[in-house]
There are 2 protein chains.
Amino acid sequence: MKLELTEIAARLEGLEETIIAKLIDRAQFRENSIIYQPGRSGFKNARRKSLFALRLFFQETMDARFGRFQVPEERPFNKNLPAPHRKVHLPPCGLQLDDYDQVNLTAEIRASYLRLLPALCRAGDDGQYGSSVEHDVYALQALARRIHYGAMYVAECKFQEESDTYRSLLATADKKALLDKLTRKEVEEKILRRIAEKVRAFQVKANPAVRILVEPEVLTAYYQSTIIPLTKEGEVRYLLKRGRK
Amino acid sequence: MKLELTEIAARLEGLEETIIAKLIDRAQFRENSIIYQPGRSGFKNARRKSLFALRLFFQETMDARFGRFQVPEERPFNKNLPAPHRKVHLPPCGLQLDDYDQVNLTAEIRASYLRLLPALCRAGDDGQYGSSVEHDVYALQALARRIHYGAMYVAECKFQEESDTYRSLLATADKKALLDKLTRKEVEEKILRRIAEKVRAFQVKANPAVRILVEPEVLTAYYQSTIIPLTKEGEVRYLLKRGRK
């Protein structure tokens, strides 16, 4: 099955709005660091988990029943999730991977998101714990979708376009050379400019008296330091696990 | 406890971004009418519910455990939800109501949302059922929050500002006269203009090749025909149920 890079890039571009909206929504609440501390959730029988970890687990348990993780780019942050309660009919995706969790970057995504929070949110505690973890989870899911989609589909597509080159790079398993080959600096710069423009446009009619505004630089820096590199890291993992067909 | 109308109006304004973003996100998927049909969910042991109804129920079951419905403006669409698994500490809210579900407009909100869908989404079926119901639920929750917040807090605030006038209107239980008294035409027109501007601003940097664009008129019409009238209907209900203190 032939994949088209322009279509994949278009899908990635279309996911930007969702990531931006969800991160801006999270920024409406304070950092609320207590929600990330194990044993402080207030839940009975959950002494070792944070409120954030509990919310992510319950959300993914529900999502698993609805079949979310049957979709290649929807990789779960948790293990031991229930089987789907419904049949999900998916069109052929064209990926060459036995198990999509071979390219599961959720541990890295979660860690990078938690590092982002002090820049995204105002410091302090506003007591809005439930809303904060709810928005954390939606933001994480939007990020994971974008990163895994890019990792798997972009890598497969590039492999299809230059199979011989990639086969020889893979034969040496030279990760650095693979990363260089996968990098397109001018595309990355275009993405960063577009993110900044979208963050500005989203907030141009927002009233600063009632909405917390997010500086475009916070999100472009996160794309540059994290979203784009993690996507490429996923591309490398995909190619290393991919069959050599 | 004294409520300030400017603060309440500000909160309502701040909720607009979330409503707009979530409705635009839903519009990225086709109408997918099968997801609203009972017995077509594909879930085992759920013959009488639609996929949409199941998702809303599972979401609210999870949210109830996290304590969402302890918050006055978070009214559930379902009954028989579990008790919270954690203690939620809420500041005094200033509302004079024994049971917030006396102003529960979720049946009306759900019905109006389902009527909106043919205008919001492109017709047809894209197979993206899981994503569609997920976004339905987020949009419904954002709508319900705005409508119930406006209904309860705006009504309480107006009562506090003109207690004698409202007491005599309530003595006659003249719903029409109450509605007239609660209506501020110039505020409603300002909201509609602002919604149109925000919908445009949100999408000005979106690429029509990769994002479905939503006409501002679709959302202003929904605010005008539904969100504003339901909020006022809720204000009337609040005042009728409110103590006469």
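Here is the naming used below: chain letters follow the sequence lines, and residue numbers restart at 1 for every chain. These values consider heavy atoms only, across backbone and side chains, with no hydrogens, waters or symmetry-generated copies.
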Exceeds 12 heavy-atom contacts within 6.0 angstrom, atom [atom1] of [X]:
| X | atom1 | answer |
| --- | --- | --- |
| Lys79(A) | NZ | no |
| Glu215(B) | CD | no |
| Asp99(A) | CG | yes |
| Glu188(B) | CD | yes |

When only pairs under 4.5 Å are counted, which of [options] shares the most heavy-atom pairs with chain A?
| options | value |
| --- | --- |
| Glu74(B), Gln28(B), Arg86(B) | Arg86(B) |
| Glu134(B), Arg194(B), Arg200(B) | Glu134(B) |
| Gln59(B), Arg11(B), Gln128(B) | Gln59(B) |

Give, as side chain, backbone, both or neither, the part of [X] having an atom under 4.5 angstrom from any heavy atom of chain B.
| X | result |
| --- | --- |
| Pro84(A) | backbone |
| Ala21(A) | side chain |
| Gln70(A) | neither |
| Ser41(A) | backbone |

Open item on the list: Strictly below 4.0 Å, N to O, side chains only: are Glu13(B) and Arg211(A) in salt-bridge contact?
Closed with: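 Salt bridge flag = no for Arg211(A) with Glu13(B).
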For the candidates [options], which exhibits the highest count of non-hydrogen atom pairs separated by less than 4.5 Å from chain B?
| options | value |
| --- | --- |
| Val71(A), Val204(A), Thr18(A), Leu15(A) | Thr18(A) |
| Leu12(A), Asp25(A), Ile20(A) | Asp25(A) |
| Arg68(A), Lys44(A), Lys87(A) | Arg68(A) |
| Arg55(A), Gln203(A), Met62(A) | Arg55(A) |

Open item on the list: How long is the straight-line distance from CZ of Arg65(B) back to CZ of Phe43(A), given to the nearest 0.5 Å?
Closed with: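 The CZ atom of Phe43(A) sits 8.5 Å away from the CZ atom of Arg65(B).
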- [ ] With side chain to side chain contact (heavy atoms under 4.5 Å, CB included) as the test, would you mind laying out the steps for Glu17(B) and Lys205(A) before giving the verdict?
- [x] CA-CA 9 Å; Glu17(B) 270 81 357; Lys205(A) 289 292 170 189; 5.8 Å; no
Task: Interchain contact, Leu51(B) with chain A, by part (heavy-atom threshold 4.5 Å) - done: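 Contact with chain A is through both the backbone and side chain of Leu51(B).
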Task: Atom group of His85(B) that falls short of 4.5 Å from chain A, counting heavy atoms - done: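 Backbone plus side chain of His85(B), per the 4.5 Å heavy-atom cut-off to chain A.
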Task: Pair Phe66(A) and Phe58(B), ring centroids less than 6.0 Å apart - done: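 Yes: the rings meet the under 6.0 Å criterion.
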Task: Considering all heavy atoms, the nearest Val210(A)-Ala10(B) contact - done: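 What the structure gives for the nearest pair is CG1-CB, 2.9 Å.
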